[in-house]
A.B. asks: 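Here's a structure for you.
Per chain, numbering begins at 1; letters A, B, ... match sequence-line order.
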Protein chains: 2
Amino acid sequence: MNTKQRILDEALTLFSEKGFANVFVGEIAERVGIKAPSLYKHYKGKQAIFDAIIEEMHHRFLEQARLLRIRGDNPEQDAEVYGSLPEDRLVRLGLDLFGYELHDDYTRRCRKMLTIEQFHNQDLASAYMSHYVDDPLLYHGALLGTAAGKGVLRAEDVKVMALQFYAPFYLMLTVCDRDPGREAEATGILEKHIRLFNKLYGRSV
Amino acid sequence: MNTKQRILDEALTLFSEKGFANVFVGEIAERVGIKAPSLYKHYKGKQAIFDAIIEEMHHRFLEQARLLRIRGDNPEQDAEVYGSLPEDRLVRLGLDLFGYELHDDYTRRCRKMLTIEQFHNQDLASAYMSHYVDDPLLYHGALLGTAAGKGVLRAEDVKVMALQFYAPFYLMLTVCDRDPGREAEATGILEKHIRLFNKLYGRSV
DNA sequence: GTCTATAAGAAGATAGAC
DNA sequence: GTCTATCTTCTTATAGAC
């Protein structure tokens, strides 16, 4: 990894732990293994580093949204894909996504940084909301809606179901971000949540 | 309100909007209507102001926890109170608590400040977790457990039910903190959530 | 591209008059 | 208790040699 990229990497780590205002340029430089003035050959200043991080994050989030097939080029085709998923995979999907969000280093650091900085900048607040609330609700809404079968549920109910399915993941994610020692507890209760949810909303609706 | 208290009040507002590091002593003083040096007659420094805010918050949170009858002196008596609640009140309880959390000025500012500062200080992270995750889960667990009747559900299920009931409130609270314009949407979907939850878990279990 | 030296400025805190 | 003036420290950023 080149110096320019390493600066972004170390800065993201520091920003996610202490927040933008509490990180000093010299601190970033030290972790990269250079002196502060050298850093200015790569970026115009501290703000420019932050902006570069946010830009990269936007790209990655967009990429991820595409992988989830939300906001893809062809929503109708996406719906067919959801419908073809075996029901069992739906059960595991939640825990897999949870594990990814929790363990992927880049994702985890971005989420913590957004949590700290979201009130400074409307753009960051929107990014947080899209990625951790609205996109997942759309995604699970599409999955649940298609899995339950057309016409079985009203459109409104799909939104409520998506909220009921996803919100526990969101809550336990915030728990584990603050106290990683509670991950086992989190996955345990989320497993029960998924099973109970499936029992209540099973095909017998 | 005396000057000493007004300092805390204005400081809390600023800390909740910008975070501790981005608020300057002169800024707090200006809002109070004095000059920065005068402020040092009331508090030793910026950190002392923050500490005083946190101390007051802890007191209020403890008070609130008592009102919720969680961690009261007599858990057995509390359980009886829960059991005597008409089922209809359970339905409204959620929306009332949601409205309180959202509209009470002190609560809202504390929550936003904790959100920003939680990763700097383990004590703040714990306060956030207790007040916005663990206490509500205990509270709703006790309510739901008692309402469902002794022996009808296993103890584990009560924890999952509490999570499924409360998590949507938590998620929509974070939404409204970032974008107050979405409050109508939030209360709308939470109403549906409560009705659907009651239908699924109704006494016919 | 990296360094040392240093400028420039911001912000917390104090001194001492009133 | 409040003010003006000032000190001190910390941090960003630049200059210029290598």
A.B. asks: Please tabulate, for side-chain N and O atoms in residues 27-34 of chain B, each donor-acceptor pair with protein atoms closer than 3.5 Å (sequence neighbours left out).
C.D. replies:
residue, atom, partner, partner atom, Å
B/Glu27, OE1, B/Phe24, N, 3.0
B/Glu27, OE2, B/Lys18, NZ, 2.3

A.B. asks: Find out whether A/Asp177 and A/Thr115 are in side-chain contact, i.e. whether some heavy atom of one side chain is under 4.5 Å from a heavy atom of the other.
C.D. replies: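 The answer is no; the side chains never approach within 4.5 Å.
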A.B. asks: In terms of side-chain heavy atoms, does A/His120 have a donor or acceptor partner in A/Glu117 at a distance below 3.5 Å?
C.D. replies: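 A/Glu117 and A/His120 do have a side-chain donor-acceptor pair below 3.5 Å.
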A.B. asks: Can you give the first and last nucleotides of DNA chain D, 5' to 3', that have an atom under 4.0 Å from a heavy atom of chain B?
C.D. replies: D/dT2 to D/dA5
A.B. asks: Do the two ring centres, one from B/Tyr170 and one from B/Tyr132, sit under 6.0 Å apart?
C.D. replies: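 Judged by ring-centre distance (under 6.0 Å), B/Tyr170 and B/Tyr132 do not meet the cut-off.
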A.B. asks: Within 45° of the six-membered ring axis of A/Tyr106 and under 6.0 Å from that ring's centre, is NZ or CZ of A/Arg60 located there?
C.D. replies: yes
A.B. asks: For B/Tyr43 and C/dA13, what is the distance between atoms OH and C1' respectively, to the nearest whole Å?
C.D. replies: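 From B/Tyr43 OH to C/dA13 C1': 17 Å.
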A.B. asks: Give one of base, sugar-phosphate or nothing for B/Phe24, where a contact means two heavy atoms less than 4.0 Å apart.
C.D. replies: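 Answer is sugar-phosphate: B/Phe24 comes under 4.0 Å of backbone atoms only.
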A.B. asks: When Watson-Crick pairs (N1 to N3 and N6-O4 or O6-N4) and G-U wobble pairs (N1-O2 and O6-N3) count only below 3.5 Å on both distances, what is the dot-bracket string of DNA chain C, with | for other-strand pairs?
C.D. replies: ||||||||||||||||||
A.B. asks: Calculate the interatomic distance between B/Lys46 atom NZ and C/dA13 atom P; express it in whole Å.
C.D. replies: 8 Å
A.B. asks: Which atom pair, heavy atoms only, marks the closest approach of A/Ile116 to A/Gly19?
C.D. replies: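 Minimum heavy-atom separation between A/Ile116 and A/Gly19: CG2-CA, 3.9 Å.
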A.B. asks: Could you state the atom-to-atom distance from CG of A/Asn22 to P of C/dA10 in whole Å?
C.D. replies: 19 Å
A.B. asks: At under 4.0 Å, does any side-chain N or O of B/Tyr40 touch on OP1 or OP2 of C/dT14?
C.D. replies: no
A.B. asks: Could you check whether A/Val23 gets within reach of a base, just the sugar-phosphate, or nothing at all, counting any heavy atom under 4.0 Å?
C.D. replies: sugar-phosphate
A.B. asks: Within a reach of under 6.0 Å around NZ of A/Lys159, are more than 12 heavy atoms found that belong to other residues, nucleotides or ligands?
C.D. replies: no
A.B. asks: Establish, from distance only, whether the side-chain atoms of B/Gln64 and B/His59 form a donor-acceptor pair under 3.5 Å.
C.D. replies: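 The answer is no; no qualifying pair exists.
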